[in-house]
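Taking it in order: structure first as structure tokens, then the write-up.
All values below were derived from every heavy atom in this structure, side-chain atoms included, with hydrogens, water molecules and symmetry-related copies excluded.
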Amino acid sequence: MRGLLLRHGNPQPPSPTSVLPPDVDSLFCRFSWNGRMHASHFCKFLNEIQHEVNVSETHASELMKSFKDCLPGPQFTIKHFHTYLFDTQLNSPIHNQVHQDMSLPLSHYYIFTGHNSYLTGNQLNSKSSADAIIKALQRGIRAVELDLWPGSHGRIEVFHGRTLTSAVKFEVCLNAIKQNAFIKSQYPVIITLEDHLPEELQAKAAKIIKEVFGSHLYKPPLSHDQKAFPSPEELKNKIIISTKPPWKDSDEDSDNVDSPLTDEVGCNTSKEYMDIIAIRQGRKCKSLSDALRVEEHAKRVSLSEQKFSKIASSDPLSVVKFTKDNILRIYPRGSRIDSSNYDPMKAFLLGAQMVALNTQGHGKRLWVAQGFFKANGGCSYVKKPEFVVSGESASLFSLYNSKNSNLEVKQTLKVKVCMGCGWYEELGKHSFDKSSPPDLSAKVEIAGVGADKEVKRTAMKKDEWEPIWNEEFEFKLRAPELAILRIKVNEHNKTKNVFAGQAYLPVSELKPGYRVVNLCDKKGREWKKVKVLFRFSLSCLSSSGEVIGCR
């Protein structure tokens, strides 16, 4: 009786029986005997269908025993099998451990980066608060930006200069970072300082930074002439200070080009302050090409999204060459007063490590970045693809400037949308229609480089709390390393589509087989019970189009 209406207009809850899509139900029959799945059957299922690596029967048995009502033996009924499939801890869609090589210089990694991390809302008149910094770190942000200004009575304050935003004490921000820096990830936190301080306050800032962070503060070599930055592995549990030596009326977000050539170290700069700067901003330059000139020592350059788009379109290989050993930070244009964001994938394609994101609000581009940084165990450092590091000119130029679907396909991804559940239990019987169960459909799409972007939709299932879609879609990917699978569910009524959940997953981390995905609300908060079961399969292709590997 699933999905039927009660006579007096109340939506009927889903049946307590665990109904599975036909192909999943047949899987249980295939890997069981007389309605019972034994450890040997479960082991075979994990190896053959889920493509787990060398799962032994002993391991499968222990996994089955973790279910409190598992039958002796151990044995699974169809109900136990359903419980396993919908358990996001045991049947996660992506890998949850750091597995990439973390011993390379920082320039070889994308870094989850925040912009004006202290703001709670828009860029013009919102409140500055340490709470915003804490929330950013809890999201996984590894690069926090603070704007430093002189306050009254010799204080150092943090606020967005030349706007109506309120101020928060510098010490309060630093303590918030210290207390929350390594809860989400052990890899380094970079503090980008936009500094408007006189020399005496620079010295005071350096003293406060040393006192607050103590042994966690990374102390750079005295010469500062590093040919390459240290690795994330070397910098575990360290705080790194990054800024440019201050010039009069300097403004990090006003760009570092279009000014005469200048000595890297500004005049009237505190030595104590200079000694703690581990990632230095490059010198001011006349042009974009000069700003991205490769020098003997590693540096960081910040560009607005407009300036980046300009040089990326005209000379993308110069960007890739620069980002091999240096760090490039892209920040939002000034007109984004609503705290919206630039598409990070465009910058990632050319090797830019730090795309500064406004995390105060919401929106698709922020969720794409959030999904991207779920890779590599969610540590917020993701190794750049080899084709980006090596600068394969033809591939990069074509991928950046084209939406041409005729470019070489490297991988095919098949996504089978099996079924969804949990809306009734999590959101309540009146969460959609007051008089009937919801009419739900799912949308799956690829976010990434232009040539890979594609959208697919399932049919709508009317009056179903647990819709079984059972539809499969195929995506052809030219840059699978930068592809994000976006999942969105909508409820349809007579007047409009109603949001019913979303999720973003890095394609490079997808585990093959039948996997369950928790959906999130509009603000990105994960629901505990709203889930969708998928089947993922990936095939790698040779340059001639032949399948050379499947999972």
Side-chain angles (χ1 to χ4, degrees), residues 111-123 125-161 163 165-197 201-202 204-219 235-243 252-253 273 276-279 329 331 339 354 356-362 366 369-370 373 378-381 523-525:
I111 305 168
F112 202 3
T113 302
H115 176 252
N116 290 350
S117 308
Y118 50 87
L119 289 181
T120 57
N122 67 58
Q123 305 288 308
N125 59 5
S126 67
K127 181 183 177 183
S128 298
S129 170
D131 290 340
I133 297 171
I134 294 170
K135 288 179 181 178
L137 291 168
Q138 289 173 343
R139 273 189 170 175
I141 289 292
R142 293 284 91 191
V144 174
E145 184 187 23
L146 304 178
D147 293 44
L148 307 187
W149 294 85
S152 58
H153 307 293
R155 288 199 303 262
I156 300 172
E157 295 183 335
V158 176
F159 61 93
H160 196 197
T163 68
T165 58
S166 64
V168 59
K169 290 181 180 179
F170 181 47
E171 295 94 324
V172 173
C173 294
L174 295 187
N175 277 296
I177 294 171
K178 178 184 178 181
Q179 293 164 15
N180 296 274
F182 305 111
I183 295 174
K184 184 79 173 179
S185 170
Q186 288 186 306
Y187 290 99
V189 169
I190 300 169
I191 303 179
T192 301
L193 300 177
E194 182 185 325
D195 167 20
H196 305 270
L197 302 176
L201 287 186
Q202 292 169 16
K204 182 177 181 179
K207 182 181 178 182
I208 294 170
I209 288 170
K210 290 177 182 177
E211 289 175 351
V212 170
F213 296 125
S215 61
H216 286 293
L217 181 65
Y218 173 69
K219 297 177 181 178
L235 296 168
K236 266 186 174 180
N237 297 306
K238 291 294 183 181
I239 304 289
I240 303 171
I241 303 301
S242 176
T243 187
E252 179 86 2
D253 286 2
Y273 187 68
I276 65 171
I277 301 173
I279 301 177
R329 173 180 174 268
Y331 58 86
S339 293
M354 302 173 73
L357 295 156
N358 292 308
T359 60
Q360 304 88 353
H362 315 292
L366 178 59
Q370 191 91 32
F373 284 104
C379 74
S380 298
Y381 281 81
K523 294 184 178 181
R525 294 173 300 206

Exercise for the section: Could you give me the CA-CA distance, side-chain angles and deciding distance for D147 and T163, then say whether side chain to side chain contact (heavy atoms under 4.5 Å, CB included) is met? Expected result: CA-CA 12 Å; D147 293 44; T163 68; over 6 Å; no
Handout entry: Under 3.5 Å donor-acceptor, T113 side chain and M354 backbone
Key = no
Handout entry: Shortest non-hydrogen separation from L197 to P150 and the atoms involved
Key = CD2-N, 3.8 Å
Problem - Distance, nearest 0.5 Å, that separates OH of Y218 from CD1 of I279 - result: 9.0 Å
Practice task
Would you check if the side chain of K184 reaches a backbone N or O of S380 as a donor-acceptor pair within less than 3.5 Å?
Solution key: no
Exercise for the section: Specify the closest pair of heavy atoms between G161 and W149, including all atoms of both residues, with the distance to one decimal. Expected result: CA-CZ2, 3.4 Å
Practice task
Quick one: sort the H115 and H160 rings into parallel, tilted or perpendicular, breaks at 30° and 60°.
Solution key: perpendicular
Problem - Taking every non-hydrogen atom, the tightest pair across S242 and I190 - result: CB-CG2, 3.8 Å
Problem - H216, NE2 atom: more than 12 neighbouring heavy atoms under 6.0 Å - result: no
Practice task
Please step through side chain to side chain contact (heavy atoms under 4.5 Å, CB included) for the pair K210 and L217, ending with a clear verdict.
Solution key: CA-CA 7 Å; K210 290 177 182 177; L217 181 65; 4.0 Å; yes
Handout entry: Electrostatic pair E157-R155, nearest N-O below 4.0 angstrom
Key = yes
Fill in the blank from the handout: Looking only at heavy atoms, the pair that brings I191 and I177 closest together is CD1-CD1, 3.8 Å
Handout entry: Atom of G121, atom of S339 and distance for their closest heavy-atom approach
Key = O-OG, 2.8 Å
Handout entry: Atom pair CD/CD1 of Q202 and I276 - distance to nearest 0.5 Å
Key = 10.0 Å
Completion exercise
Value for CZ (F213) from CG (N175), rounded to nearest 0.5 Å, stands at 8.0 Å
Exercise for the section: Apply the side-chain contact (heavy atoms from CB on, under 4.5 Å) test between Q360 and each candidate in L366, L119, N122, T120; give the one that qualifies. Expected result: L119
Problem - S117 and E145 side chains, donor-acceptor separation under 3.5 Å - result: no
Problem - Separation between CD of Q138 and CG of N180, rounded to the nearest 0.5 Å - result: 6.0 Å
Completion exercise
Heavy atoms of Q370 and F112 approach each other most closely as OE1-CZ, 3.9 Å
Problem - Stepwise side chain to side chain contact (heavy atoms under 4.5 Å, CB included) test for V158 and V172 - result: CA-CA 10 Å; V158 176; V172 173; over 6 Å; no
Problem - Approximate separation, where rounding is to 0.5 Å, of N116 CG and L357 CG - result: 12.0 Å
Handout entry: Exam field: side chain Y381 to backbone P188, donor-acceptor pair closer than 3.5 Å
Key = yes
